Amino acid sequence: MTTTPDAPAPSPVLRTAYQKAVAEYWNNEKDPVNLSLGDVDGLYHHHYGIGDYDPSVLEGPKETRDARIIEELHRLESAQADVLLDHLGPIRPGDRLLDAGCGRGGSSIMAHARFGCQVDGVSISQAQVDFANEQARKRGVDAKVRYHFRNMLDTGLPTGAFQGIWNNESTMYVDLHDLFAEHARQLAFGGRYVVITGCSNDVTGGRSKAVSRIDEHYTCNIHPRSAYFKAMAANGLVPMNVVDLTAATLPYWELRAQSSLATGVEEPFLTAYKEGSFHYLLIAADRI
């Protein structure tokens, strides 16, 4: 397949004080809960996990207990990425995918391994982009998996070039209408958009104390559930599947709270999920 070079990134990439603050946070972030899990097999994620954990990891020799927990947490976060990729629909080797808010790039590498297609990742963190490109180089997939220092609200990447786009826990940093307008521009007609995100529950009204603590911890702005569907409808994205992953993510948080990597945010997550003020949703939508 013959490709033309992508347009240069719009300048500047960081356009507001908030974007600069978010970029600074992730440029400086070296949280062991991300790095130690990625060290298990070289797939570095920036999202949470789903599925039941193996209770045997809490048993056995005390000196290896934490290593077992870390491996199990990583298995659960890779399982989450697999579920997201399952919802992209039929992807061919000649297609192109976009990982918006790619973090250190683990999901992009998994997508290329599954589909064999070109995958682009974008992040406003130069440190994340450099790290992810180095991982692709080490795996020998850097010709097909590339990461770019670009703003996902205005990437400069080609119109209609992507068969699939996803956000994995990155939408809480941006305006949803602006984001979905850019995704709709980049998606081919009939292309698929998938998001996994935490969102506040409109029914309970406003942000709970626990949700506010999550916002503060990550310097983010969690959106209410209804905001996703309103912004999708306004930008030609029609939901095909909506999956409530809230119950499926609870075991991850319960196990993480028992590890040496606990950061203190585990309790707000568990409280918010269990009280019903917070949901963990997957939404898959087609571009019309």
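Note that this is a predicted model, so its numbers are computed, not measured.
The hydrophobic clustering, which links ILVMFWY residues whose side-chain heavy atoms are closer than 4.5 Å, places Met240 and Phe180 apart. One hydrophobic cluster, built from ILVMFWY side chains closer than 4.5 Å, cannot hold both Ile70 and Leu35; they sit in different ones. The hydrophobic cluster containing Tyr44 does not contain Val141, counting ILVMFWY residues as joined when their side-chain heavy atoms lie under 4.5 angstrom apart, directly or transitively. Linking ILVMFWY side-chain heavy atoms closer than 4.5 Å, directly or via other members, places Leu176 and Val238 in two distinct hydrophobic clusters. Transitive grouping of hydrophobic side chains (ILVMFWY, heavy atoms separated by less than 4.5 Å) keeps Val242 and Ile288 in distinct clusters.
Checking side-chain atoms of Asp215 against main-chain N and O of Ile222 turns up a donor-acceptor pair under 3.5 Å. Here the side chain of Thr64 pairs no donor or acceptor atom with the backbone of Ala67 at under 3.5 angstrom. Judged purely by atom type and a 3.5 angstrom limit, Asp95 uses its side chain to pair as donor or acceptor with the backbone of Arg92. Using a distance-only test at 3.5 Å, with no hydrogens or angles considered, a donor-acceptor pair links the side chain of Ser212 to the main chain of Ser208.
Between His217 and Thr263, some side-chain heavy-atom pair lies under the 4.5 Å cut-off. Side-chain contact between Met172 and Thr197: present, with at least one pair of heavy atoms (C-beta onward) separated by less than 4.5 Å. For the pair Arg287 and Leu237, the minimum side-chain heavy-atom distance is below 4.5 Å. Residues Glu24 and Leu14 are not in side-chain contact: their nearest non-hydrogen atoms beyond the backbone lie 4.5 Å or more apart. In this structure the side chain of Asp154 reaches within 4.5 angstrom of the side chain of Arg15, judged on heavy atoms. Between Glu182 and Thr155, the closest side-chain pair of non-hydrogen atoms falls below 4.5 Å. Side-chain contact between Ser108 and Trp166: present, with at least one pair of heavy atoms (C-beta onward) separated by less than 4.5 Å. Contact check for Val122 versus Leu157: side-chain heavy atoms found under the 4.5 Å cut-off.
Between Tyr173 and Trp26, the ring planes are perpendicular. Angles over 60° get that label, and only those under 30° would be called parallel. Relative orientation of the Tyr48 and Tyr218 rings is tilted, given thresholds of 30° and 60° on the angle between their planes.
Atom CD of Gln258 sits in a crowded spot, with more than 12 heavy atoms from other residues, nucleotides or ligands closer than 6.0 Å. Atom CD of Glu216 has 12 or fewer heavy atoms from other residues, nucleotides or ligands within 6.0 Å.
For Glu254 and Lys274, the salt-bridge test passes: some basic side-chain N is under 4.0 Å from an acidic carboxylate O.
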Salt bridge (Lys or Arg N to Asp or Glu O under 4.0 Å) assessment of Asp6 paired with Arg96: CA-CA 13 Å; Asp6 292 336; Arg96 189 174 179 184; 2.5 Å; yes

Test log, rule salt bridge (Lys or Arg N to Asp or Glu O under 4.0 Å), inputs Glu71 and Arg68: CA-CA 5 Å; Glu71 289 185 6; Arg68 294 193 302 272; over 6 Å; no

Step-by-step side-chain contact (heavy atoms from CB on, under 4.5 Å) determination, Ile283 to Asn241: CA-CA 6 Å; Ile283 308 169; Asn241 299 100; over 6 Å; no

Derivation and outcome, side-chain contact (heavy atoms from CB on, under 4.5 Å), residues Ile196 and Ile50: CA-CA 11 Å; Ile196 293 182; Ile50 58 172; over 6 Å; no

side-chain contact (heavy atoms from CB on, under 4.5 Å) between Val13 and Gln126, worked out: CA-CA 10 Å; Val13 173; Gln126 185 68 64; over 6 Å; no

Salt bridge (Lys or Arg N to Asp or Glu O under 4.0 Å) evaluation trace for Arg114 with Asp82: CA-CA 9 Å; Arg114 179 187 291 206; Asp82 271 326; 3.1 Å; yes

Chi angles and distances behind the side-chain contact (heavy atoms from CB on, under 4.5 Å) call for Arg139, His112: CA-CA 11 Å; Arg139 288 176 174 266; His112 171 69; over 6 Å; no

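Of all non-hydrogen atoms in Cys199 and Tyr228, the two that sit nearest each other are CB-CE1, 4.0 Å. Between Asp142 and Arg146, the closest heavy-atom pair is O-CG, 3.6 Å. Heavy-atom minimum distance, Leu97 versus Gln163: CD2-C, 4.5 Å. For Ser78 against Met110, the heavy-atom pair with the smallest separation is O-CE, 3.5 Å. Nearest heavy-atom pair across His279 and Thr246 is CA-OG1, 3.5 Å. For Gly49 against Thr249, the heavy-atom pair with the smallest separation is O-OG1, 2.8 Å.
Side chain to side chain, Tyr193 and Asp286 fail the donor-acceptor criterion of an N or O pair below 3.5 Å. Of the N and O atoms on the side chains of Asn235 and His183, not one donor lies less than 3.5 Å from an acceptor on the other residue. Looking at Ser107 and Asp99, their side chains never bring a donor and an acceptor atom within 3.5 Å of each other. A donor-acceptor contact closer than 3.5 angstrom is absent between the side chains of Asn201 and Ser277. Of the N and O atoms on the side chains of Arg104 and His46, at least one donor lies less than 3.5 Å from an acceptor on the other residue. For the residue pair His74 and Glu77, a side-chain donor N or O sits within less than 3.5 Å of a side-chain acceptor on the partner.
The ring of Phe131 has its center no closer than 6.0 angstrom to the ring center of Tyr147.
Rounded to the nearest 0.5 Å, atoms CG (Asp175) and OG1 (Thr171) are 11.5 Å apart. One distance of note links CD of Glu72 with OG of Ser259; it measures 12.0 Å at 0.5 Å rounding. Asp178 contributes atom CG, which lies 11.0 Å from atom CE of Met152 (distance to the nearest 0.5 angstrom). Interatomic distance, Asp52 CG to Leu255 CG, rounded to the nearest 0.5 Å: 11.0 Å. Within the model, atoms OH of Tyr273 and CG of Leu250 stand 8.0 Å from one another, a figure rounded to the nearest 0.5 Å. Of the inter-residue distances, the one linking Leu179 atom CG with Ser170 atom OG reads 7.5 Å to the nearest 0.5 angstrom.
Scanning for salt bridge (charged side-chain N to carboxylate O under 4.0 Å, His left out) contacts around Glu266 gives Arg256, with sequence neighbours left out.
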